[in-house]
Undergrad: 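Please read through the structure below; I'll follow up with questions.
Scope of the values below: all heavy atoms of this structure, side chains included, with no hydrogens, waters or symmetry mates. Chain naming here is simple, since letters A, B, ... match the order of the sequence lines and numbering starts at 1 in each.
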Amino acid sequence: MNTRSSWADLAANSAAESTNAGSSANNGSVGTTSGNAPTRPTYVPPHLRNRAASSDPPAAANSGPASSNDRSGYGGGSRWGVPRNDYRGGYGGGRGGWGNRGGWDRGREREVNPFGDDDETEKPLSEQENTGINFDAYEDIPVETSGDNVPPPVNTFADIDLGDALNQNIRRCKYVKPTPVQRHAIPISLAGRDLMACAQTGSGKTAAFCFPIISGIMKMQDQSAQRPPRGARTVYPLALILSPTRELSMQIHEEAKKFSYQTGVKVVVAYGGAPIHQQLRELERGVDILVATPGRLVDLLERARVSLQMIKYLALDEADRMLDMGFEPQIRKIVEQMDMPRPGLRQTMLFSATFPKEIQRLASDFLATYIFLAVGRVGSSTDLIVQRVEFVYEPDKRSHLMDLLYAQRENGVQGKQALTLVFVETKKGADSLEHWLCINGFPATSIHGDRSQQEREQALRSFKTGNTPILVATDVAARGLDIPHVAHVVNFDLPNDIDDYVHRIGRTGRAGNSGLATAFFNEGNASLARPLSELMQEANQEVPDWLARYASRPSFGGGKNRRSGGGRFGGRDFRRDSTFSRGNSDYYGGGSSGGYGSSGGYGGGHGPGVTSAWD
DNA sequence: AAAAAAC
């Protein structure tokens, strides 16, 4: 049963209405430019814009005075009257505060139950809200592996020897059967092979690298593995999991703690922005798996509080992000210039939803002979995420967003605002949009790198609980974060990089559920027109005519669009345009299982390869 | 050009 998220559907409906309310069908924004949309800018001030084309949902609000502030009427006196209410709710109460809220458990007996079900009471409904993966959406997924002697996939967790304790945690997590990435990646990891995996976040990636790590560490403990003397307060984790943002590290930590409950495997997280003392204390109490962001880890390494010399497992989440220009030196320092065992002496696993070939090339430095795994999107294409692109001139963006949010609220369940994640380009822009939404009666908060870590975590918590169902975010929230029930992702400012777009819209339509993604496009995004239009086509989305025209404009065919060169984008085109490098690579000799028919896989990691997991 | 990541 392909259960579609009701919130997302509502959001989709309301957005559709809103679009129609705006003006013509293919141009939801500027009323007076209807058909030929973008080419002829005719700016209509926001307060005049929606007057002419009044229609159903916004009608009531539109009857207000024609001032640019009239939108405050949307929320005035309503239940959303409290602006910035994300500051309430205290610190200890939530689930994500840092520190050892877990208490003072010394041994495994006193380990805090991360499932919160000590009495083993079944909580089917609430649990399913959190973990209910729509497995049927995974049925038809294309999967391709390449490399030598690829271990065959498994169909059930029972087919894998993960150990009793871990199996019990899998049951507690209500994981009935492995997702595609798990079916393939877990046997590969258990076989001790290095792995580069493309898989949509939210399709079970974290478990895919955590299960083998935990299982492997348990076996090492059985053999009472010798660890160096714990002198000088240095700790020696056996596994390191790196991720590009603090919140993602926290999330991985939370997940990993569930998976390792009562296994005796200790998971510790370390990230910046939080007092280091608590993290040090946690480390001193023992660590097998260290989850960390790069900066704080380097700090810990330089203080010699952590040594990597016992590392047996290295996992990079969002690996392409970790190896882009901003991060690469730091990652190289950690992986290559400290005391980490070399490739081959450790097991390395790289995961990401996107994997541009040039990043794959960098990444191969970290890997011994490895297997490449590409798992298609849930539902085999983006049909679980309805993507819309609307032409919106810069000055109209705010009022257009209001239109969407207002209509969404009107159609929401019990008048509640569906969770809406709004991406902007800059931190300043995030602050200003958040403030503007709040003073106009929309319960918004924001997350970006200039906010304190406390504020960031509180904002995320407040969004997740629906307390502030609108979250304005920079790209800090673009990757990896698993927020259930995000009905709508709005690209208020489109990113310059199509991969960032892929990650952003992946915040909705999670775990096989549906979602809606709306992008505001204008001439400033011209360089994205082609890759965006290609992505949407391949995802069976409707590409507006005006966008197709933009995409076909020769001036934007190549130069400006980043590292791409011409029609860079995505794995699909590469493969389908037979850009196969005809297998000269050492890494891709054979062993292809499943997948796109018999064409024999991609080019190798050093040649033109898969750049995206979206197929 | 911006964002992220240590103090």
Undergrad: Calculate the interatomic distance between A:F327 atom CZ and B:dA6 atom C1'; express it in whole Å.
TA: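 These atoms are roughly 12 Å apart.
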Undergrad: When you measure from the side chain of A:E247, which nucleotide among B:dA1, B:dA3, B:dA5 comes out closest?
TA: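 Per side-chain heavy atoms of A:E247, the pick is B:dA5.
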Undergrad: Looking at residues at least two apart in the chain, or sitting in another chain, which of them share a side-chain hydrogen bond (donor to acceptor under 3.5 Å, both in side chains) with A:S432?
TA: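 A:S432 satisfies side-chain hydrogen bond (donor to acceptor under 3.5 Å, both in side chains) with A:R398 only.
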Undergrad: Sequence neighbours excluded, which residues qualify as side-chain hydrogen bond (donor to acceptor under 3.5 Å, both in side chains) partners of A:K312?
TA: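 A:K312: no side-chain hydrogen bond (donor to acceptor under 3.5 Å, both in side chains) contacts found.
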Undergrad: Could you check how far CG of A:L494 sits from C1' of B:dA3, rounded to whole Å?
TA: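 About 16 Å, once rounded to whole Å.
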Undergrad: Starting at CG of A:D320 and ending at P of B:dA4, how long is that distance when rounded to a whole Å?
TA: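 My rounded result for the distance is 17 Å.
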Undergrad: To the nearest angstrom, how far is A:L316 atom CG from B:dA5 atom C1'?
TA: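 Checked: the CG to C1' distance equals 15 Å.
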Undergrad: Could you state the atom-to-atom distance from CD1 of A:I447 to C1' of B:dA3 in whole Å?
TA: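 Whole-Å distance recorded here is 13 Å.
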Undergrad: Between P on B:dA4 and CZ on A:R451, what's the gap in Å once rounded to a whole number?
TA: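 My rounded result for the distance is 12 Å.
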Undergrad: Regarding A:V298, tell me which of base, sugar-phosphate or nothing describes its non-hydrogen contacts under 4.0 Å with the strands shown.
TA: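 A:V298: no heavy atom of the nucleic acid under 4.0 Å.
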Undergrad: For A:F351 and A:L195, work out which heavy atoms get closest and say how close.
TA: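 Taking A:F351 first and A:L195 second, the nearest heavy atoms are CZ-CD2, 3.9 Å.
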Undergrad: Quick one: is B:dA6 close enough that its OP1 or OP2 comes under 4.0 Å of any side-chain N or O from A:T293?
TA: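 Answer yes for this pair, as a side-chain N or O of A:T293 is under 4.0 Å from OP1 or OP2.
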Undergrad: Taking atom P of B:dA2 as reference, at what distance in whole Å does atom CG of A:D324 sit?
TA: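 Atom CG in A:D324 sits about 16 Å away from atom P in B:dA2.
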Undergrad: From B:dA2, B:dA4, B:dA6, pick the nucleotide closest to the side chain of A:E425?
TA: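 Nearest to the side-chain atoms of A:E425, counting from C-beta on, is B:dA2.
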Undergrad: Any donor-acceptor pair under 3.5 Å joining the side chain of A:N496 to the base of B:dA1?
TA: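 Checked by distance alone, the answer is yes.
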Undergrad: Could you report the tightest heavy-atom contact between A:F521 and A:N525, atom names first, then the distance?
TA: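 Closest heavy-atom pair between A:F521 and A:N525: CE1-O, 3.3 Å.
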Undergrad: If only side-chain N and O atoms of A:K427 are considered, is one of them under 4.0 Å from the OP1 or OP2 phosphate oxygen of B:dA4?
TA: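 So the side chain of A:K427 is within the cut-off, an N or O lying under 4.0 Å from OP1 or OP2 of B:dA4.
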Undergrad: Is there a donor-acceptor pair closer than 3.5 Å between any side-chain N or O of A:R346 and the backbone N or O of A:I311?
TA: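 No; judged by distance alone, with no hydrogens or angles, the pair does not exist.
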Undergrad: Base, sugar-phosphate, or nothing for A:G326, non-hydrogen atoms under 4.0 angstrom?
TA: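 Base: the residue A:G326, judged by heavy atoms under 4.0 Å, touches a nucleobase.
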Undergrad: Which of the following nucleotides, B:dA2, B:dA6, B:dA5, is nearest to the side chain of A:D299?
TA: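 Looking only at side-chain atoms, A:D299 lies closest to B:dA6.
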Undergrad: Confirm from the modelled atom types if A:R246 and B:dA5 form a donor-acceptor pair under 3.5 Å, side chain to base only.
TA: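 Check fails, no donor-acceptor contact within cut-off.
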Undergrad: Expressed in angstrom and rounded to an integer, what is the separation of A:M322 atom CE from B:dA3 atom C1'?
TA: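 Rounded to the whole Å, the gap is 14 Å.
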Undergrad: Using OP1 and OP2 only, check whether a side-chain N or O of A:R456 sits under 4.0 Å from B:dA5.
TA: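 So the side-chain polar atoms of A:R456 do come within 4.0 Å of the phosphate oxygens OP1 or OP2 of B:dA5, strictly under.
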